[in-house]
Amino acid sequence: MAARLFSKSSSVGHTLLGALGTSLVGVGSAAREATTKLNYSDIFFQQQRTFIQMRTNLKVVDNSGAKRVMCIQALKSKKGAKLGDTIIGSVKEAQPRGKVKKGDVVYGVVVRAAMQRGRCDGSQIRFDDNAVVLVNKQGEPIGTRVFGPVPHELRKKKHVKILALAEHIA
Amino acid sequence: MRLEKCWFCSSTIYPGHGIQFVRNDAKIFRFCRSKCHKNFKMKRNPRKVKWTKAYRRLHGKDMTQDSTFEFERKRNRPLRYDRINTEKVLQAIPKISKVKAKREADHITNRLKVGKTKRKIEARKELEQSISMVKAPSAFKEDATLTLPKQKVTVSYTQTETKPMEE
């Protein structure tokens, strides 16, 4: 939800600044635009991160064909999904001729989450974005590749196949 | 157990402490506490923040080159356990840390020596330039020493009564 708010506010900023730019015309307006952009990104970076809940958009980091998935149900937990949890999602964006298409309801494992999660030794881990790997009901990945880093906690969650496919394990 | 170093302040992170942030290119940033994590989020450069080890090293505040640093090293190959060797290492640790602390203290005293001589020279200069404030020029001509003659001054000392604290 916060992400959506951010995008909305940034778009408003852009339109306002665009109007300013047309009226002023010069290098100054461009510079101002750049600074405001930076400020927005800072706010975006420092916002409070929460659970992956209904309507959270997640990046799909495998080659199943889906690009973006919206969470429609977090399994197991009432509050929402954390790193390593399984969710049910609806495919919002997909590449043509993929294994899944837009509108499909799919299962996915959260392999990266921006909200920190405690590790077994008491320290914490957090990632850059929210990302998911699509799996079938049995928990086997649909795609054949996994991009980017994944946490080693997936082994505990019995997703060894994802770990084997992953490029980096954090 | 591996003891990692904090990305921001270079202090040791003991198991179960701190937070680690994994960027999308799989670079891991480890932080010892929320202070360091917050500073990272504010996009501060540890070389420009005065309390970090990086700043102190860069500005010559701390000892950087010493043979005692050789003992603490990242080893990727696990050592085969050897009881005698381990005992020796455990015996050596306090000695090494003692030597290290001594050398670090020496480094700081050496570093502060420069300021001490500088201050002395400046004080001498000031004394020479403004001796006329305390010694008349005619008197200075007769006796060209910068020290003043010692004079006995009687100090009247009255003891004030101290009331005991009321409860």
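Reckoned from all heavy atoms, side chains included, excluding hydrogens, waters and symmetry mates. Naming convention: chains lettered A, B, ... in sequence-line order (proteins, then strands); numbering from 1 in each chain. Predicted model only: the values in this text are computed from it and were never measured.
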Note to self: If you count every heavy atom of other residues, nucleotides or ligands that lies below 6.0 Å from B/Glu126 atom CD, does the total exceed 12?
What the structure shows: no
Item checked: Within residues 108-123 of chain A, residues adjacent to chain B where the heavy-atom gap is under 4.5 Å -> A/Arg112, A/Gln116, A/Arg119, A/Asp121, A/Gly122, A/Ser123
Next item on the list: Return yes if some donor-acceptor pair links the side-chain N/O of A/Asp104 with the main-chain N/O of A/Val106 below 3.5 Å, else return no.
Entry: no
Checklist line | B/Arg2 CZ: over 12 foreign heavy atoms closer than 6.0 Å | finding: yes
Checklist line | residues 61-93 of chain A: residues contacting chain B (heavy atom under 4.5 Å, by number) | finding: none
Item checked: Best-contacting candidate, B/His37, B/His17, B/Arg30, against chain A by heavy atom pairs under 4.5 angstrom -> B/His37
Notebook entry, point to check: Do B/Arg124 and B/Leu146 come within less than 4.5 Å of each other through their side chains, counting heavy atoms only?
Noted result: yes
Checklist line | Contacts of B/Arg57 that satisfy side chain to side chain contact (heavy atoms under 4.5 Å, CB included) - sequence neighbours left out | finding: B/Lys53, B/Thr64
Note to self: Using only atom types and a distance under 3.5 Å, with no angle test, would you say the side chain of B/Ser130 pairs donor to acceptor with the backbone of B/Leu127?
What the structure shows: no
Notebook entry, point to check: Would you say the side chain of B/Glu72 lies within less than 4.5 Å of the side chain of B/Leu3, judging by non-hydrogen atoms?
Noted result: no
Note to self: Looking at B/Glu122 and B/Lys118, is there a salt bridge between them, counting it only when a charged N and a carboxylate O are closer than 4.0 Å?
What the structure shows: no
Next item on the list: Might you confirm whether atom CZ of B/Phe140 has over 12 heavy atoms from other residues, nucleotides or ligands at distances under 6.0 Å?
Entry: yes
Notebook entry, point to check: Would a 4.5 Å heavy-atom cut-off, applied to side chains only, mark B/Ile19 and A/Arg126 as touching?
Noted result: yes
Check: Hey, what do you get for NZ (B/Lys100) to OG (B/Ser67), rounding to the nearest 0.5 Å?
Finding: 10.5 Å
Margin query: A side-chain contact here means heavy atoms from C-beta on lying under 4.5 Å apart; do B/Asn76 and B/Lys74 qualify?
Written below: yes
Notebook entry, point to check: Do any of residues 154-170 of chain A have a heavy atom less than 4.5 Å from a heavy atom of chain B, and if so, which, in residue order?
Noted result: A/His168, A/Ala170
Checklist line | Name of the residue among B/Tyr55, B/Phe40, B/Trp51, B/Phe21 meeting ring-ring contact (aromatic ring centres under 6.0 Å, His included) with B/Phe8 | finding: B/Trp51
